[in-house]
Engineer: 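Quick one: the structure is below, questions incoming.
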Amino acid sequence: MTAKTMEHLILVILSMLVAFGPRFIPLRIFSTRDIPKWFNEWMKYVPVSLFTALVVKDVFINTGEGYVFTGIHNMAKIIASLIVIAVAYRSRSMGLSVILGLVAVTILAMFLPV
């Protein structure tokens, strides 16, 4: 094994530990304790808020030119976002929403600016 290959192997193992740690440690801590009801209620909103933050940033902010508000210049993404909101509201399926959003943005990008 060459030195470069060994460095890559060590990097992969360390990356695995860094990715595994934040998942495993809370699991070990909270598996033996009762979690308060208010905390569980609060945690229901975390996936929605994270997904919203990621989508809104991608749709309305252009990071290629520094953080610039794009307004309605990304019309394909805005319309696709509205489609995703409607599908997510009706189906409550994250997977279906993501797939239909990607399909919508792909089709709309042929006709509208992205």
Engineer: Rounded to the nearest 0.5 Å, what separation is found between the CD1 atom of I107 and the CG atom of L112?
Structural biologist: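 Reported value, rounded in 0.5 Å steps: 12.0 Å.
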Engineer: Decide whether L11 and L14 are clustered together by the hydrophobic rule: side chain heavy atoms of Ile, Leu, Val, Met, Phe, Trp, Tyr closer than 4.5 Å, transitively.
Structural biologist: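 No: no chain of side-chain contacts under 4.5 Å links L11 to L14.
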Engineer: Output all residues satisfying ring-ring contact (aromatic ring centres under 6.0 Å, His included) with F20, sequence neighbours left out; order by chain, then residue number.
Structural biologist: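 Once residues adjacent in sequence are excluded, the partners of F20 under the ring-ring contact (aromatic ring centres under 6.0 Å, His included) criterion are F24.
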Engineer: Among pairs that include at least one residue of residues 43-57, which meet salt bridge (Lys or Arg N to Asp or Glu O under 4.0 Å), considering only residues two or more places apart or in two chains?
Structural biologist: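 Pairs touching residues 43-57 that pass the test: E41-K44.
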Engineer: Is it true that L50 and M43 fall in one hydrophobic cluster, defined by side-chain heavy atoms closer than 4.5 Å?
Structural biologist: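 Yes; M43 is reachable from L50 via cluster members.
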Engineer: Once ring-ring contact (aromatic ring centres under 6.0 Å, His included) is applied, do any residues pair with W42, and if so which ones, sequence neighbours excluded?
Structural biologist: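 Here the qualifying residues are F39.
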Engineer: Looking only at heavy atoms, which two atoms of N74 and D58 are closest? And how far apart?
Structural biologist: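 Closest approach of N74 to D58: ND2-O, 4.2 Å.
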Engineer: Which residues pass the side chain to side chain contact (heavy atoms under 4.5 Å, CB included) test with I29, sequence neighbours left out?
Structural biologist: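 Checked I29 against side chain to side chain contact (heavy atoms under 4.5 Å, CB included); matches are I25, R33.
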Engineer: Sorted by first residue and then second, give each side chain to side chain donor-acceptor pair (under 3.5 Å) pair with at least one member in residues 3-30; sequence neighbours left out.
Structural biologist: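 Every pair satisfying side chain to side chain donor-acceptor pair (under 3.5 Å) with a residue in residues 3-30: T2-T5.
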Engineer: Taking all atoms of both residues into account, what is the closest heavy-atom pair of A76 and L108, and its distance?
Structural biologist: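 Closest pair (atom of A76, atom of L108, distance): O-CD1, 3.6 Å.
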Engineer: Please set out all donor-acceptor pairs under 3.5 angstrom arising from side-chain atoms of residues 81-101, sequence neighbours excluded.
Structural biologist:
unit_1, atom_1, unit_2, atom_2, d
S81, OG, K77, O, 2.7
S91, OG, V87, O, 2.7
S91, OG, S93, N, 3.2
S93, OG, L96, N, 3.2
S97, OG, S93, O, 2.7

